[in-house]
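The block underneath contains the structure these notes are about, expressed in structure tokens.
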Amino acid sequence: MIELAKEHMPQREIMALNEEKAKSAANAEVVNYLDLLNVSYFYRPDERAALGMENPYVVNGFQFGVNLNLGSFLQKPFQAKQAKADYKIAQLERLAYESELENEVKRRYYVYVQAFNELRIRSQALQDNKALSDDLQFRFEKGEATLNEYAEAKSAVSEASSAKLEVEVNYLVAKDALEQLIGVKVEDVK
């Protein structure tokens, strides 16, 4: 049932996707160190003059330059550390959710089993009270039992019937709560 709940609950998939997103962000921060460098080149054809008003080229051939943004350079280690921490948090949130989900499935299953067994007990008690009431009715009609005994038996049947109805409602509520969590009917679980 726990595995069914893990497969059925969309919140678990949301947690997994958040974890994957945080992992991607952490990996991207490592690659983002390359953002600090800026390489450019300028091409001046050989047939152009080196300096002139209409020709801003300074040197023949290719020119390379490297720029370093000091502010970004100082921020990158902290951004990478934060991305790794976000990934770890996403992992821990997923683990915590799965643990809570497992405990909730167990709790609902225990409530279901308790309600099921109580329903069996109340059903048996109702059958016993009905059998006793029918026997007392037969004896009352023959004159072998008093009206007080017969009335008490009928009252016991009514109380047992009412208790069974209440327990049956509790059973159905517990069953629905468990089925809502696992995503399938309890009868279909093997």
Side-chain angles (χ1 to χ4, degrees), residues 1-29 79 81-190:
M1 288 188 181
I2 291 170
E3 290 303 316
L4 285 171
K6 285 180 180 180
E7 291 173 12
H8 174 71
M9 295 305 291
Q11 185 66 27
R12 182 174 183 260
E13 190 165 334
I14 290 170
M15 293 285 193
L17 289 173
N18 279 338
E19 181 181 350
E20 185 177 320
K21 179 180 163 186
K23 183 179 181 181
S24 295
N27 291 337
E29 280 301 321
Q79 291 171 343
K81 191 173 188 177
Q82 181 180 357
K84 287 178 184 176
D86 288 343
Y87 174 55
K88 188 68 173 174
I89 288 169
Q91 286 179 317
L92 294 173
E93 284 177 343
R94 181 186 51 81
L95 291 174
Y97 176 75
E98 287 181 358
S99 176
E100 289 173 16
L101 181 63
E102 186 175 325
N103 286 336
E104 184 63 18
V105 169
K106 287 178 183 178
R107 188 188 66 76
R108 288 186 188 186
Y109 178 73
Y110 299 151
V111 169
Y112 167 76
V113 169
Q114 179 185 15
F116 178 76
N117 287 330
E118 192 171 351
L119 179 61
R120 271 194 5 229
I121 291 168
R122 296 292 181 174
S123 295
Q124 185 62 45
L126 178 62
Q127 288 177 351
D128 293 346
N129 282 334
K130 278 186 179 180
L132 180 62
S133 175
D134 291 344
D135 182 52
L136 277 173
Q137 180 180 0
F138 180 74
R139 287 180 38 216
F140 175 73
E141 289 172 356
K142 285 178 139 189
E144 296 174 357
T146 65
L147 179 62
N148 193 26
E149 291 173 333
Y150 177 64
E152 284 179 13
K154 284 293 188 183
S155 176
V157 167
S158 294
E159 287 176 17
S161 180
S162 177
K164 181 190 176 225
L165 182 62
E166 184 179 327
V167 168
E168 194 168 359
V169 168
N170 291 341
Y171 166 74
L172 292 174
V173 167
K175 181 180 175 193
D176 287 344
L178 183 60
E179 288 175 349
Q180 183 241 348
L181 199 59
I182 63 174
V184 296
K185 298 237 178 246
V186 173
E187 294 84 14
D188 297 340
V189 176
K190 295 180 182 183

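All figures in this text were calculated on a predicted structure; none of them were measured in a lab. Note that the numbering runs from 1 along the sequence shown for the chain. Just so you know, these numbers use all the heavy atoms, side chains as well, and skip hydrogens, waters and symmetry mates.
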Salt-bridge criterion met for Glu20 and Lys23 (N-O under 4.0 Å): no
Residues Lys175 and Glu187 bridged, charged N to O under 4.0 Å: yes
In this structure, CG of Asn129 is separated from CG of Asp134 (nearest 0.5 Å) by 10.5 Å
Looking at Leu95, is its backbone amide N or carbonyl O close enough to the side chain of Ser99 to form a donor-acceptor pair, meaning the two atoms are under 3.5 Å apart? no
How are the rings of Tyr112 and Tyr109 set to each other: parallel, tilted or perpendicular (split at 30° and 60°)? tilted
Does the side-chain contact (heavy atoms from CB on, under 4.5 Å) test come out yes or no for Lys106 and Ile2, once each step is laid out? CA-CA 8 Å; Lys106 287 178 183 178; Ile2 291 170; 3.9 Å; yes
Let me confirm one number: the CD-CG distance from Gln79 to Asp86, rounded to the nearest 0.5 Å. 11.5 Å
Over all atoms of both residues, closest heavy-atom pair of Ala174 and Ala115: CB-CB, 4.3 Å
Classify the side-chain pair Gln180/Asp176 by whether it contains a donor and acceptor separated by less than 3.5 Å. no
Can you check side-chain contact (heavy atoms from CB on, under 4.5 Å) on Gln124 and Gln127, steps first, answer last? CA-CA 5 Å; Gln124 185 62 45; Gln127 288 177 351; 3.5 Å; yes
Distance in Å, Arg94 CZ paired with Arg12 CZ, rounded so as to fall on 0.5 Å steps: 7.5 Å
Heavy-atom distance under 4.5 Å between the side chains of Glu152 and Glu149, does that happen here? no
Distance check, rounded to the nearest 0.5 Å: Glu98 atom CD versus Asn103 atom CG? 12.0 Å
With heavy-atom distances below 4.5 Å as the criterion, would you say the side chains of Glu3 and Ile182 are in contact? no
Any side-chain heavy-atom pair from Glu118 and Tyr171 closer than 4.5 angstrom? no
On a heavy-atom basis, the closest approach of Ser133 and Val157 is CB-CG2, 3.5 Å
Rounded to the nearest 0.5 Å, the OG atom of Ser155 sits from the CG atom of Asn148 at a distance of 10.5 Å
Mind checking the CZ-CZ spacing from Arg120 to Phe116? Nearest 0.5 Å is all I need. 5.5 Å
If you take all heavy atoms of Ala163 and Arg122, which pair is closest and at what distance? CB-NH1, 3.8 Å
CD of Glu13: more than 12 outside heavy atoms within 6.0 angstrom? no
Assess whether side-chain contact (heavy atoms from CB on, under 4.5 Å) is satisfied between Leu101 and Leu181, documenting all intermediate values. CA-CA 9 Å; Leu101 181 63; Leu181 199 59; 3.8 Å; yes
Any side-chain heavy atom of Lys142 sitting closer than 4.5 Å to one from Arg139? no
Hey, does Arg108 have a side-chain heavy atom less than 4.5 Å from the side chain of Glu104? yes
I want to check something: taking the side chain as every heavy atom from C-beta on, are Ile14 and Gln11 in contact at a cut-off of under 4.5 Å? yes
Listed by chain and number, what are the ring-ring contact (aromatic ring centres under 6.0 Å, His included) partners of Tyr110, not counting sequence neighbours? none
Which residues share a side chain to side chain contact (heavy atoms under 4.5 Å, CB included) with Lys81, sequence neighbours left out: none
In the structure I gave you, are the side-chain heavy atoms of Leu126 and Lys130 within less than 4.5 Å of one another anywhere? yes
Going through the checks in order, is the side-chain contact (heavy atoms from CB on, under 4.5 Å) test met by Glu93 and Asn18? CA-CA 9 Å; Glu93 284 177 343; Asn18 279 338; 5.6 Å; no
Does any part of the side chain of Glu179, heavy atoms only, come nearer than 4.5 Å to the side chain of Val184, both counted from C-beta? no
